[in-house]
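Working notes, beginning with the structure itself.
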Amino acid sequence: MKMGTALIYDEEMTKYKLLWVDPVCKIEVPERLIVSYEALVKSGLADRCVSIPVREATDAEILLAHSEEYLEAVKKTPFMHLEELMTFTQKYGDVYFHPNIYHCAKLAVGATLQLVDNVMTGKVRNGMALVRPPGHHSQSSAANGFCVFNNVAIAAQYAKKHHKAKRVLIVDWDVHHGQGVQYCFEDDPSVLYFSWHRYEHQSFWPNLRESDFDSVGSGKGAGFNVNVPWNKVGMGNSDYLAVFFHVLLPVAYEFSPDLVFICAGFDSAIGDPEGHMSATPDIFAHLTHLLMNLADGKVCAVLEGGYNLTSLAQSVCQTVQTLLGDPAPRPAQLGGACESALESIHSARAIHKKYWSCLQHAAAPFPEEPSSKNRRLAQQGGSQGPEGDAGGDAQKEEPEKVEEKEEEEIVWPEPLRRVAPSLRSALLLPDAVECPDGCARFSPAHGPGPLERARLRKSYLKESEDEASVTLLYNLTALLGQMEKNEIRNGLALVPDVSMAATLLTSASLSKRVLLVWMGEGPVPAQIIEDEKTLVVHIDSMEPHEAQSKYYIPITLKKGCGDTAGVVQAVLGLLLPLGYQYEPGLVLLARPPGCQVKGGLWQQLTCLLQGLALGHTLVLLQENETAPVGITASGLLGNAALSLGPLVAPGPEDVGSFEGLRLRLQTDWPLLQTTAPEKR
Ligand SMILES: NCCCNCCCCCC(O)(O)C(F)(F)F
Ligand SMILES: [Zn+2]
């Protein structure tokens with residue numbers, strides 16, 4: 001499996017800037033790229049990447065998303081003097097030109113295409129292109145919002161044309177709506193465009209009616225455009241993760257792309273003058289991690305916006321460090337999404353339920369869903385009729401807000417260093433079982449003393465058990481100990497009795513909270529269920545029944561864990577939100593005898609769970625079932641899980657029980673919420 005992360009950057013792209021006074025454009029400065037690259041160098045991350053040179057895009061490549069007239073017009077700008085540049089700029093909105101911007105715009109596109117070439121040919125696994133000018137607002141015949149050529153839209157067309165990509169996912173986490181991308185793929189079912197963006201009921205730039213959640217794409221492309229508008233500022237980590245768990249990821253896994261682009265704008269981070277959001281830079285590590293097992297790991301992150309030079313640099317580092325495979329950071333205290341975010345999540349799920357089977361159980365749309373605009377007008381007591389003079393508003397500039405008072409200094413903690421233990425994966429295997437390459441067979445520094453043997457035997461073994469069993473238990477606790485001291489990141493153990501091993505590990509763990517994921521036939525040992533510090537999430541075909549306690553959560557699948565679509569939706573919409581909210585120090589993934597989870601899905605699960613507990617995942621396999629050893633080890637080593645392929649609908653009775661479980665649990669676990677609480 002390919003490893004390696006490409007970094008594509010060239011300082012030439014810093015060689016253009018605003019040459020006149022324009023309060024809107026003054027934030028788009030060369031320093032954005034300089035501080036980002038310098039932070040990558042200073043943190044040692046740049047050296048760990050594969051450095052790929054930029055190149056200029058050709059006309060043909062630019063014409064994949066732009067008209068000839070537009071390209072010919074932009075070609076003239078290098079020869080313009082100041083007045084001509086200003087006049088030319090007036091033709092477009094919220095963008096500026098410079099004698100060198102055409103050159104830089106070609107490099108930005110070329111850099112993105114270099115990234116696509118290296119990822120699609122397997123020279124690297126994933127990568128990031130640090131570019132300016134950005135791209136996601138530019139349209140076939142128009143520059144807009146600091147953008148000249150639509151880097152990612154061109155690259156998606158290029159990947160389809162030159163690399164036979166069949167399904168391309170574009171995740172736009174910039175705080176602005178990339179309307180240029182939406183327009184480009186409006187009726188194209190092979191490109192799924194997802195964007196969240198500050199919207200405030202159409203009162204935020206670019207003030208477009210088509211940025212609302214009900215723009216789903218048209219014709220054959222219906223369903224392949226997913227907008228999640230933020231109707232309030234201050235959205236934070238919980239809001240972002242809730243959108244990933246309950247909107248983006250279920251749809252993305254069902255779509256099953258063979259290439260993923262991230263329109264990686266970091267103006268959605270705290271401190272940004274445009275976004276006014278509250279999410280901290282470490283959240284981009286989790287967002288990146290959650291996308292890295294799509295498309296066999298082929299992820300191309302392309303810089304868009306980001307104007308607070310501190311949070312921009314930190315967020316870029318968090319993203320690249322995750323692409324490199326370093327352990328995810330501990331997520332900041334997570335709660336549930338705020339009410340406004342829940343309304344947006346509900347609206348997006350409801351409008352898309354007819355296009356995506358994973359959303360078929362999504363709550364029905366609000367009965368008389370007032371358009372966002374009406375809601376805003378109602379709030380402002382607007383005199384206009386229901387739709388106002390529809391066409392005109394979108395163009396008419398909102399009355400410029402009175403200059404906000406001096407921005408008070410927004411501060412946030414610097415992301416903690418994410419130290420990768422020297423040993424990534426340790427395997428505890430019977431001698432007869434071969435250790436997959438890349439892993440180390442675990443053997444503790446020293447064996448158990450007589451007292452230790454006696455204690456283990458008394459607590460966990462019947463008298464009859466032989467010495468080997470005692471040694472195994474001892475080795476298991478030793479492996480756990482090294483993981484919890486962060487000397488080992490993760491591990492795998494083949495054990496004669498998964499239940500007994502899980503019981504030993506949950507009681508021996510020093511972590512304040514342990515997450516035990518039990519995939520298949522129960523019963524889960526009562527001692528574990530009663531253990532207050534262990535959250536058990538049990539996925540199986542058991543009869544749906546009330547969760548016995550807040551810390552034992554049975555997720556029923558009629559057809560059991562062999563139902564891949566069902567397991568995926570249970571993992572994305574229930575297990576991960578629970579896990580992220582619980583914030584365990586250790587994750588145990590137990591595969592009891594007879595587990596039906598198919599190989600690829602098992603690997604997805606092994607990879608996704610590493611976003612928790614700083615990557616401390618310990619997988620327990622049944623000794624005589626050695627088949628999953630290879631794929632489990634591969635996942636633990638950080639290889640991307642293989643794509644599952646397009647998913648079918650989960651069983652209707654299963655989605656019913658998921659919803660019932662969600663409703664029952666969401667008071668205790670608010671990150672499970674997908675709709676705003678009933679309006680009083
Ligand atoms: N009252 C008018 C405010 C106009 N504000 C323009 C914001 C442009 C944002 C550009 C970006 O951040 O989305 C990109 F990623 F493209 F760079
Ligand atoms: Zn932006």
Side-chain angles (χ1 to χ4, degrees), residues 13-14 16-18 21-33 36 65 89-90 92-97 101 104-105 108-109 112 128-139 142-154 170-184 193 195-200 202-208 211 227-230 233 235 261-277 279 284 301-309 311-312 315-316 319 393-404:
M13 287 181 279
T14 68
Y16 79 91
K17 63 182 181 179
L18 181 59
V21 175
D22 175 345
V24 164
C25 294
K26 72 174 186 296
I27 53 174
E28 207 296 305
V29 294
E31 290 72 16
R32 295 179 55 237
L33 229 39
S36 299
T89 294
Q90 294 316 313
Y92 308 109
D94 306 294
V95 62
Y96 64 88
F97 279 82
I101 197 170
C104 296
V109 173
T112 309
M128 177 151 207
L130 278 183
V131 300
R132 71 187 273 272
H136 69 156
H137 299 299
S138 56
Q139 297 144 52
N144 179 262
F146 313 155
C147 305
V148 176
F149 298 138
N150 201 316
N151 307 317
V152 169
I154 292 168
I170 300 173
V171 177
D172 189 334
W173 70 41
D174 187 284
V175 86
H176 299 93
H177 179 218
Q179 81 278 39
V181 183
Q182 172 168 310
Y183 298 157
C184 184
Y193 177 59
S195 171
W196 61 39
H197 33 271
R198 186 176 168 186
Y199 188 58
E200 292 174 295
Q202 203 176 328
S203 66
F204 186 71
W205 189 90
N207 313 91
L208 298 171
S211 301
N227 285 339
V228 176
W230 299 125
V233 291
M235 295 299 170
F261 285 101
I262 303 174
C263 283
F266 297 105
D267 42 19
S268 43
I270 190 166
D272 191 274
E274 280 283 311
H276 288 275
M277 297 300 170
F284 296 103
V302 183
L303 182 68
E304 294 279 2
Y307 307 99
N308 176 308
L309 300 184
S311 63
L312 168 62
S315 303
V316 165
T319 302
D393 298 52
Q395 272 62 44
K396 191 164 63 197
E397 263 299 288
E398 289 307 307
E400 204 43 44
K401 285 207 186 66
V402 67
E403 226 359 79
E404 277 157 9

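Because only heavy atoms are used, hydrogens play no part in the values below, and waters and symmetry mates are left out as well, while side chains stay in. We count ligands from 1, going down the list as the structure has it; atoms in each ligand are counted the same way.
In summary, an N, O or S atom of His176 is located under 2.8 Å from the Zn ion (ligand 2).
In this pair, His177 and His197 present their aromatic rings tilted. The plane angle is within the 30 to 60° band. The aromatic rings of His176 and Trp205 sit perpendicular to each other, their planes meeting at more than 60°, with 30° as the lower class boundary.
Rounding to the nearest 10°, we obtain 90° for the angle at the Zn ion (ligand 2) between Asp267 OD2 and Asp174 OD2.
Taking every non-hydrogen atom of Tyr307 and a distance limit under 4.0 Å, the qualifying atoms of ligand 1 come out as 9 (C), 10 (C), 11 (C), 12 (O), 14 (C), 17 (F). Atom numbering of ligand 1 starts at 1 in the shown order; those under 4.0 Å from a heavy atom of Cys147 are 16 (F). Residue Asp94 has at least one heavy-atom neighbour below 4.0 Å for each of these atoms of ligand 1: 2 (C), 4 (C).
Atom 9 (C) of ligand 1 has its nearest heavy-atom neighbour, among His136, Gln179, His176, in His176. Of the candidates His137, His197, Glu274, the one placing a heavy atom closest to atom 13 (O) of ligand 1 is His137.
At least one side-chain heavy atom of Pro206 sits less than 4.5 Å from a side-chain heavy atom of Gln179. A heavy-atom distance below 4.5 Å is found between the side chains of Cys263 and Ile170.
Considering every non-hydrogen atom in both Ala108 and Pro133, the closest pair reads CB-O, 3.7 Å.
By the 3.5 Å distance cut-off applied to N or O atoms, Glu304 is not counted among the residues near ligand 1. At least one N/O-N/O distance between Asp267 and ligand 1 falls below 3.5 Å.
Note that CG of Asn150 is 4.0 Å distant from OG of Ser138, once rounded to the nearest 0.5 Å. For the atom pair Met128 CE and Thr319 OG1, the distance stands at 5.5 Å (nearest 0.5 Å).
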